[in-house]
Amino acid sequence: MRLIVYVDMDAFYLSCELTRHPELVKTPAIVAHDPKEGKGRGVVLTASYEARPMGFHSAMPVKEAWRQKDKVAWLMPDFPFYEATSGKVMAYLKSRCSLARALSIDEAAYPIEIAELKDAEIEGRAVQREIRERFSLPSSIGVSPSLAVSKVASDKAKPGGVVVVAPKDVSSFLAVLPVRALPGVGPVTEGALKRVGAEKVEDLKRVPFPKLVRAVGSMAGSLVALAEGRLSDEEWPEELPPKSMGAMVTFDEDLDDEESLMKGVASLGESLGRSLEGKGSLYRTVTVRVRWGDLSAVQRSQSFPHPTCETDVLVKLAQKILRGILSSPGRNSRGVRTLGLTVQGLHPQDPAQRTLL
DNA sequence: TCTGGGGTCCTAGGACCC
DNA sequence: TCTGGGGTCCTAGGACCC
């Protein structure tokens, strides 16, 4: 039988830090943005399992974590280090199975062909042990006939476990879980499902299908399929190049004046331009996103007729788009909390053209 | 009381084309 | 003077993921 092994790293950013701060192993610790003496606007990215019972958790505002700062070791995020670590683990998984796919910075999956179910458990334990021995990193493993179910299984396996779901057990494994446990079901969809009487996955089987479609649109089909244990026979995902690249910044205080905002967007554009150059990538569409002080957001975009590469062209267009947003009637004299700049329509640039352009 | 920064995917309306 | 049915592309917004 063909099963999918899903590898999900435990408390990944923190686990990366523990490899270079062994003195913090088994202590309460968090990776969180700069607290700025309690005025920081960031969040906690990862809390160690020792810090969680004390109330620390990911996505917690830094201002809140700051009130208990004396109870934890506070580490600032170092994304280049986490990306490099992730890359090493991915390279190992690819050496184990050439079809391995990275699904996020701390998740990956690969298919296996096995003769007996007990081999699934053996493979899960083996890959988990190898990752621990080679990289000193803990992980949780889910194995099942489908990518989505294996992901759910890896969540159930946390921390440090291996959960195997046999093909015949998929429906009963999912039945008792809250719908929120399914990938793709967030707070909004959870609310919509609750309103039609579906709190657990098994409830999805009882809601009349047209009612479910009215509640959650095109998601209805795949949700019911999962609940009934009907597994999709999707192709194994190809490795795809990125579709967009962006940068954003949240200011310490909401910004009003156009001059600072123009400088802000220029600095995002220059940093994005360097990344594009590093990747040898052209772009065609530029999007500026503004998050106002009240946390509502707008975005505006504009496309070039042909892929382009110049950083100053990017900056000029971004500034033009931003001026448009700032002078729109919808602004209502609000200040800007967060500024984002994204380019889409990425296009590889061939090296010969690079010098020519 | 407060809520980052990096992404993907889906939907929907309008312009435009045959 | 009024007009179908098919398609693509652009733009804006929003849900969701880690």
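Throughout, protein chains are lettered first and strands after them, A, B, ... in sequence-line order, and every chain is numbered starting at 1.
There is a side-chain donor-acceptor pair under 3.5 Å between A/Arg334 and A/Ser296. In summary, the side chains of A/Thr285 and A/Gln302 do not present any donor paired with an acceptor at a separation below 3.5 Å, with no hydrogens or angles considered. A donor-acceptor contact closer than 3.5 angstrom links the side chains of A/Glu107 and A/Tyr6. Inspection of the A/Asp257 and A/Ser260 side chains reveals an N or O donor paired with an N or O acceptor under 3.5 Å. For the residue pair A/Lys316 / A/Gln319, no side-chain donor-acceptor distance below 3.5 Å is found, with atom types taken as modelled.
Taking atom CD of A/Glu107 as the reference point, atom P of B/dG7 lies 17 Å away to the nearest angstrom. Taking atom CZ of A/Phe251 as the reference point, atom P of B/dT3 lies 15 Å away to the nearest angstrom. With rounding to whole Å, A/Tyr82 atom OH is found 15 Å from B/dG6 atom C1'. In this structure, A/Ile105 atom CD1 and B/dG5 atom C1' are separated by 12 Å, rounded to whole Å. Put simply, CZ on A/Arg101 is 20 Å from P on B/dG7, counting in whole angstrom units. Atom P of nucleotide B/dG6 and atom CG of A/Asp78 are separated by 15 Å, given to the nearest angstrom. Residue A/Leu346 contributes atom CG, which lies 15 Å from atom P of B/dG6 at whole-angstrom precision. Taking atom CZ of A/Arg289 as the reference point, atom C1' of C/dA12 lies 11 Å away to the nearest angstrom.
Comparing B/dG5, B/dG4, C/dC18 by their closest approach to the side chain of A/Val43 singles out B/dG4. In the set C/dC16, B/dG6, B/dT3, the nucleotide with an atom closest to the side chain of A/Ala247 is B/dG6. Residue A/Thr189 has its side chain nearest to C/dC16 when only C/dC18, C/dC16, B/dC2 are considered. Comparing C/dC16, B/dT3, B/dG5 by their nearest atom to the side chain of A/Met248 picks out B/dG5. The listed nucleotides are C/dC18, B/dG4, C/dC16; the one nearest the side chain of A/Leu45 is B/dG4. Checking B/dC2, C/dA12, C/dC18 against every side-chain atom of A/Lys151, the shortest atom distance belongs to C/dC18. The side chain of A/Arg337 lies closest to B/dG4, out of B/dG4, B/dT1, C/dG13.
In terms of phosphate contacts, A/Ser303 brings a side-chain nitrogen or oxygen within less than 4.0 Å of OP1 or OP2 of C/dT11. Under 4.0 angstrom from either OP1 or OP2 of B/dG5 there lies at least one side-chain N or O belonging to A/Thr250. An OP1 or OP2 oxygen of C/dC18 is reached within less than 4.0 angstrom by no side-chain nitrogen or oxygen of A/Ser58. Here A/Thr287 does not reach the OP1 or OP2 of C/dT11: none of its side-chain N or O atoms lies under 4.0 Å away. Taking side-chain N and O atoms only, A/Arg300 has no distance below 4.0 Å to OP1 or OP2 of C/dG13. Taking only side-chain nitrogens and oxygens, A/Arg291 comes nearer than 4.0 Å to OP1 or OP2 of B/dG4. A sub-4.0 Å separation between OP1 or OP2 of B/dT11 and a side-chain N or O of A/Ser218 is present.
Residue-level contact check: A/Met219 touches neither bases nor backbone, having no heavy atom under 4.0 Å from any strand. A/Leu103 comes within contact range of no nucleotide atom at all, as no heavy-atom separation falls under 4.0 Å. A/Pro242 comes within contact range of the sugar-phosphate backbone alone, with a heavy-atom separation under 4.0 Å but no base atom that close. Residue contacts shown for A/Arg284 are limited to sugar-phosphate atoms, with no base heavy atom under 4.0 Å away. Using a 4.0 Å heavy-atom cutoff across all strands shown, A/Val62 reaches no nucleic acid atom at all. A/Lys39 comes within 4.0 angstrom of no nucleic acid atom, judged by non-hydrogen atoms across all strands.
When Watson-Crick and G-U wobble pairs are counted only if both distances are under 3.5 Å, B/dC18 pairs with C/dG5.
Glycosidic conformation at B/dC2 (O4'-C1'-N9-C4 for purines, O4'-C1'-N1-C2 for pyrimidines): syn, within 90° of 0.
Aromatic ring pairs are classed by plane angle as parallel below 30°, tilted from 30° to 60° and perpendicular above 60°; the pair A/Phe79 and A/Tyr13 is perpendicular.
B/dG14 and C/dG4 have their P atoms separated by 16 Å, given to the nearest Å.
Projected onto DNA chain B by closest heavy-atom contact, A/Lys243 and A/Arg41 fall at different nucleotides, the more 5' of which corresponds to A/Arg41. Take the nearest nucleotide of DNA chain B for A/Phe79 and for A/Pro241: the residue whose nucleotide is more 5' is A/Phe79.
Between the side chain of A/Arg101 and the main chain of A/Ala108, no donor-acceptor pair closer than 3.5 Å is present.
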